[in-house]
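Here the structure comes first, spelled out in structure tokens, and everything after it is commentary.
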Amino acid sequence: DRLSYSSTQTDAYDYFVNQILGLREDSPAMELGSKVHKLAEKLLKNEKYEKDEEIEVFEANLKSQIKEIKANYPKLVACEEKIVMPLSSLMKSTQPINFIAKIDAVFEGNGEYLIVDWKTDKTQDYAGEHRRQLEVYKRVISASKGIPLEKIKVAIGFVAISGRINVGVPLPVFDDK
């Protein structure tokens with residue numbers, strides 16, 4: 001058995017349909033998010049990629065955020081890393097359940113670490129929910145890599161936030177509060 005942060009849903013019917021029956025349908029928003037994550041991975045690993053007009057503006061925003069991050073955290077430690085670990089290593093549990101985390105990026109600078117989660121949300125309305133996810137990921141990184149919790153910070157890389165006056169151009173918002 002396995003569990004991931006995104007599989008824990010508050011709506012019982014959604015949990016039943018998506019997780020138990022496995023009838024999850026991809027949406028245009030999910031497809032866009034996947035494209036942006038793949039682009040972020042290529043940029044971080046300095047790999048070649050094909051230009052895609054649909055995500056061109058996200059490319060500029062990702063580059064801007066990565067530059068800002070690398071000013072303080074120059075070393076890339078992990079990128080799109082899937083970590084599978086026993087749930088009991090994160091909390092008291094006797095259940096034989098593995099917890100699965102897909103970490104977007106982890107950077108290091110001067111012995112301090114930063115976990116970044118790229119988001120294509122158009123607003124910051126779900127920032128609180130994203131922060132809860134990042135706090136779980138913080139514990140996963142700490143347990144899996146032996147890094148003290150106090151040495152790990154988290155940040156949300158909003159790559160699709162628009163300004164108050166919508167001119168159709170997303171602005172990068174890097175939330176590391």
Side-chain angles (χ1 to χ4, degrees), residues 2 4-11 13-15 17-19 21-84 100-107 113-138 140-141 153-177:
R2 66 192 189 292
S4 69
Y5 186 86
S6 60
S7 72
T8 58
Q9 300 170 345
T10 57
D11 184 291
Y13 180 75
D14 285 347
Y15 182 82
V17 170
N18 294 326
Q19 302 304 319
L21 297 179
L23 299 177
R24 180 182 229 163
E25 289 185 29
D26 286 343
S27 68
M30 288 175 65
E31 290 175 19
L32 176 66
S34 292
K35 282 183 172 184
V36 170
H37 277 83
K38 287 176 186 168
L39 175 61
E41 181 177 15
K42 296 277 188 193
L43 291 170
L44 288 168
K45 292 180 175 180
N46 293 315
E47 294 177 353
K48 290 184 180 179
Y49 57 92
E50 288 186 35
K51 293 283 185 180
D52 183 336
E53 284 184 25
E54 181 185 11
I55 61 171
E56 192 173 341
V57 72
F58 298 101
E59 177 183 352
N61 291 345
L62 281 164
K63 286 179 177 179
S64 171
Q65 289 183 5
I66 290 168
K67 182 179 178 182
E68 182 180 343
I69 292 165
K70 286 194 168 190
N72 295 311
Y73 301 91
K75 181 180 176 189
L76 178 66
V77 175
C79 179
E80 294 297 327
E81 183 175 347
K82 181 179 178 181
I83 300 173
V84 180
I100 301 170
K102 182 92 180 263
I103 311 290
D104 293 352
V106 181
F107 298 88
Y113 294 81
L114 179 70
I115 300 170
V116 178
D117 196 17
W118 311 114
K119 296 296 182 187
T120 56
D121 301 13
K122 293 181 180 174
T123 69
Q124 294 183 42
D125 292 351
Y126 297 101
E129 185 176 320
H130 298 325
R131 288 212 166 280
R132 286 190 292 279
Q133 177 182 7
L134 281 164
E135 283 302 315
V136 172
Y137 287 177
K138 184 176 177 177
V140 168
I141 291 293
K153 292 185 167 109
V154 298
I156 305 165
F158 288 103
V159 295
I161 300 285
S162 295
R164 288 197 179 260
I165 300 172
N166 189 350
V167 293
V169 179
L171 305 170
V173 176
F174 185 64
D175 178 357
D176 63 350
K177 306 288 184 277

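These numbers come from a predicted model, not from an experiment.
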Exercise. Given side chains that start at C-beta, do those of Glu80 and Asp104 come closer than 4.5 Å, heavy atoms only?
Worked result: yes

For this session: Find the distance between NZ (Lys138) and CG (Leu114) and round it off to the nearest 0.5 Å.
Result: 10.5 Å

Problem set entry | Any Ile83 side-chain heavy atom under 4.5 Å of Ile141 side chain | yes

Exercise. Between CG of Leu39 and NZ of Lys51, what distance do you get to the nearest 0.5 Å?
Worked result: 8.5 Å

Exercise. Considering only heavy atoms from C-beta outward, does the side chain of Glu135 approach that of Arg132 to under 4.5 Å?
Worked result: no

Exercise. Is there side-chain contact between Leu44 and Phe107, with heavy atoms separated by less than 4.5 Å?
Worked result: yes

Seminar exercise, completed: Contacts of Lys119 meeting side-chain hydrogen bond (donor to acceptor under 3.5 Å, both in side chains) (sequence neighbours excluded), chain-then-number -> Asp117, Gln133

Exercise. Is the closest side-chain heavy-atom distance between Tyr137 and Val154 below 4.5 Å?
Worked result: no

Seminar exercise, completed: Residues Ile156 and Ala127: closest non-hydrogen pair is CD1-O, 3.8 Å

Exercise. To the nearest 0.5 Å, how far apart are OH in Tyr113 and NZ in Lys75?
Worked result: 6.5 Å

Problem set entry | Residues which pass side-chain hydrogen bond (donor to acceptor under 3.5 Å, both in side chains) with Lys38, listed by chain and number, not counting sequence neighbours | none

Problem set entry | Main-chain N/O of Ala60 paired to Ser64 side chain as donor or acceptor, under 3.5 Å | no

For this session: Compare all side-chain heavy atoms of Leu43 with those of Tyr49 and state whether any distance is below 4.5 angstrom.
Result: yes

Exercise. Within a strict 4.5 Å, meaning less than it, do heavy atoms of the Phe58 and Lys35 side chains meet?
Worked result: no

For this session: Can you see which heavy atom on Leu32 is nearest to which on Glu54, and at what distance?
Result: CD1-OE2, 4.0 Å

For this session: Would you please test His130 and Asp121 for side-chain contact (heavy atoms from CB on, under 4.5 Å) and show each step?
Result: CA-CA 11 Å; His130 298 325; Asp121 301 13; 2.6 Å; yes

Problem set entry | Heavy atoms from other residues, nucleotides or ligands near NZ of Lys153 exceed 12 (cutoff 6.0 Å) | no

For this session: Starting at CD of Glu41, measure out to CG of Leu76 and round the result to the nearest 0.5 Å.
Result: 9.5 Å

Problem set entry | From Ile66 atom CD1 to Asn61 atom CG, the distance as rounded to the nearest 0.5 Å | 11.0 Å

